[in-house]
Chemist: 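I have a structure here, written as structure tokens, and I will follow up with some questions on it.
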Protein chains: 2
Amino acid sequence: MSGPPAPQSAPARRLTELLAPVAGDLATVEGWLQSQFEPSDEALQPLLAHLGRFRGKRLRAAQVLLVGRACGGLRPVHVAVAGIIEMIHAATLVHDDLLDGARQRRGQPCLHERWGAHAAVLLGDWVYARAFLRSTGLEDGLCSRVLAEATGRVCRGEILQNLSRGRFDLTEEEYMEQIDGKTGALYEAGGRLAAAYAGAPEEVAAAAAAHGRDAGRAFQMMDDLLDLTGDPERVRKSLGTDWAGGKMTLPLIRLRERLAPGLRRRLETAFQAGGDPGILRREPFRGPFEEAVEECRSEIRALLVRAASSLETLPAGPDRDALARLTEFLGVRPF
Amino acid sequence: MSGPPAPQSAPARRLTELLAPVAGDLATVEGWLQSQFEPSDEALQPLLAHLGRFRGKRLRAAQVLLVGRACGGLRPVHVAVAGIIEMIHAATLVHDDLLDGARQRRGQPCLHERWGAHAAVLLGDWVYARAFLRSTGLEDGLCSRVLAEATGRVCRGEILQNLSRGRFDLTEEEYMEQIDGKTGALYEAGGRLAAAYAGAPEEVAAAAAAHGRDAGRAFQMMDDLLDLTGDPERVRKSLGTDWAGGKMTLPLIRLRERLAPGLRRRLETAFQAGGDPGILRREPFRGPFEEAVEECRSEIRALLVRAASSLETLPAGPDRDALARLTEFLGVRPF
């Protein structure tokens with residue numbers, strides 16, 4: 001699909017409202033990022049400019065900015081931390097898109113579609129290296145250490161997920177371990193770094209980290225739930241890709257656990273065949289699947305409640321409230 | 001090919017002799033590396049164990065150890081620096097092997113052959129992240145900073161090389177820029193870090209860095225030369241892969257420059273067709289190609305002379321002499 005960008009949907013408008021308190025700071029981060037992606041390096045310039053055009057919702061940057069403001073105020077280091085985290089996230093997306101055979105991201109052809117697999121792997125590597133280099137230029141080693149550790153966890157989560165493709169017997173603990181790394185780790189790191197660089201005491205930094213971890217998990221669980229249950233018109237991304245790719249996610253695990261052995265084997269056969277997950281909306285699976293989905297919603301809700309209670313350790317104020325509203329919105333209705 | 005390892009060739013025996021002064025320290029680095037590749041992480045363990053089995057000649061580690069000894073003596077940090085550099089090198093190899101469609105490395109199936117492209121990309125990413133994490137645990141930020149910068153240059157060199165595949169008009173400056181990043185950057189970083197962590201003054205660290213950069217360039221130029229001219233029995237790796245993959249290297253650039261327009265077009269047609277580079281050994285290319293090869297040997301020799309003269313800034317002694325002999329050997333006859 002090409003053509004002019006679609007008008008903002010209602011959730012997108014709501015997100016813009018929620019990000020309003022840090023809109024100016026987000027623009028500063030965006031400028032910092034563009035300066036990383038538009039270096040005076042003629043040879044890499046076309047690839048980096050392409051990468052810079054993906055932009056994104058910059059939710060990780062928004063988290064860093066809101067936590068920093070809530071915990072004592074933003075300093076220039078927060079802009080760099082937010083930008084570095086977005087660079088690491090961008091590198092993972094370049095590699096993911098290649099490996100998933102994705103064609104487009106945010107209306108742009110994926111990097112590998114235009115420049116090939118070599119360029120996609122190596123540019124992702126370059127972006128990781130550049131992100132680490134920027135972290136080494138900060139006032140101390142905290143950012144480098146926390147983000148190197150988090151990046152390892154992100155990669156590990158992705159590896160575990162890929163090694164377990166097609167495994168109908170995936171346990172809930174294994175699933176949680178995967179999403180913890182894949183999505184929880186960077187949000188956890190962002191919360192910790194934003195609080196620490198705002199001068200918050202360890203107790204507050206630990207609470208900001210816990211908020212990030214639980215929120216990240218909730219976002220990923222909602223993403224996985226929508227992949228099976230979402231309305232394509234509202235979600236605005238391709239759905240059913242987890243089922244088609246042999247990825248067991250929480251709704252399927254919970255459904256499996258509700259089924260008697262015979263039906264369980266039927267579900268496994270359909271799962272192994274891939275294709276369309278429409279079987280989940282037909283009898284005899286429809287009822288237990290709806291129950292499983294409700295259970296997932298409860299789990300997500302419980303994570304969001306815990307994330308909100310972690311936030312109570314942060315200093316009260318409008319920035320903490322804005323972060324709470326943003327977390328709630330993203331956990332209930334991502335897009 | 002499987003079966004028992006081949007008996008050591010004469011150059012391999014000579015390399016073992018040259019590395020003898022640091023054999024004990026290299027074993028310590030190997031132990032450090034194996035501890036990175038055999039973590040108590042059950043899920044990643046099979047992949048990491050596989051990676052650990054590649055081992056390698058550990059030439060980058062040997063350089064760090066010899067420079068460190070020559071510049072004031074080894075400290076525990078040298079083992080970590082040597083290991084971290086080898087980890088970064090290993091990560092680049094995992095990605096290169098995948099992108100080049102290689103089947104084997106050092107008698108083991110490549111990681112992607114056994115575990116798929118997903119695992120190869122993501123495990124390479126994990127190894128990068130782990131290498132950076134280890135660097136953040138050292139006594140100061142020097143290693144993190146220097147290696148993040150060098151890793152970016154390695155990736156950049158690889159990207160440039162891949163973007164220029166099939167470009168018969170590649171300039172010598174572009175070629176040098178590619179190998180400078182691809183191979184020069186990590187040896188340059190290794191020389192600088194080894195000298196600095198041995199307490200050497202900046203002048204000596206700069207000389208060790210310059211030695212590494214020139215030596216790395218010479219090694220890569222010899223590698224590229226052997227790809228076109230080597231005896232498969234002696235070199236023990238597949239040859240002609242650069243030509244087949246559309247990579248212009250120095251011998252071809254120098255040959256191109258010697259040819260009149262008509263022959264130049266014939267060479268270009270053969271280069272674009274890929275296949276076997278046997279045309280270079282037949283008339284009318286044979287004579288000018290031999291001259292081009294001799295020019296390349298002179299260039300390599302000049303780099304080795306300059307590398308040797310950089311070494312003279314390091315304190316005189318048996319370790320400096322051992323490093324000089326190792327550099328000379330690798331620049332003249334890698335395998």
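Not measured: the values here are computed from a predicted model. When reading the values below, keep in mind they use all heavy atoms of this one structure, side chains included, and skip hydrogens, waters and symmetry mates. Proteins get letters first, then strands, A, B, ... in listed order; numbering begins at 1 in each.
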Chemist: For Ile159(B), is it the side chain, the backbone, both or neither that has a heavy atom under 4.5 Å from a heavy atom of chain A?
Modeler: both
Chemist: Please look at Asn162(B) and chain A and tell me whether the side chain, the backbone, both or neither of the residue comes under 4.5 angstrom of a heavy atom of that chain.
Modeler: side chain
Chemist: Decide yes or no for Thr151(A) and Leu133(B): does some side-chain heavy atom of the first lie under 4.5 Å from some side-chain heavy atom of the second?
Modeler: no
Chemist: Quick check on the interface: out of Ala148(A), Gly124(A), Ser135(A), who has the most heavy-atom pairs with chain B under 4.5 Å?
Modeler: Ala148(A)
Chemist: Give me the atom names and distance for the closest heavy-atom approach of Ala129(B) to Gly152(A).
Modeler: CB-N, 3.6 Å
Chemist: Does the side-chain contact (heavy atoms from CB on, under 4.5 Å) test come out yes or no for Leu47(A) and Leu163(B), once each step is laid out?
Modeler: CA-CA 10 Å; Leu47(A) 284 82; Leu163(B) 291 179; 3.6 Å; yes
Chemist: Show your working on side-chain contact (heavy atoms from CB on, under 4.5 Å) between Thr136(A) and Val146(B) and close with a plain yes or no.
Modeler: CA-CA 9 Å; Thr136(A) 65; Val146(B) 169; over 6 Å; no
Chemist: Describe, in one word, how the ring planes of Phe132(A) and Phe132(B) are oriented to each other, choosing from parallel (under 30°), tilted (30 to 60°) and perpendicular (over 60°).
Modeler: parallel
Chemist: What part of Arg134(B) gets closer than 4.5 Å to chain A, counting heavy atoms only: side chain, backbone, both or neither?
Modeler: neither
Chemist: Would you say the side chain of Asp125(A) lies within less than 4.5 Å of the side chain of Asp125(B), judging by non-hydrogen atoms?
Modeler: yes
Chemist: Shorter than 4.5 Å, heavy atoms on both sides: which option in Arg156(A), His118(A), Glu149(A) has the most such pairs with chain B?
Modeler: His118(A)
Chemist: Heavy-atom pairs under 4.5 Å with chain A: which of His95(B), Glu158(B), Glu177(B) has the most?
Modeler: His95(B)
Chemist: Which region of Ile88(B), side chain (C-beta onward) or backbone (N, CA, C, O), has a non-hydrogen atom less than 4.5 Å from a non-hydrogen atom of chain A, or is it both or neither?
Modeler: neither
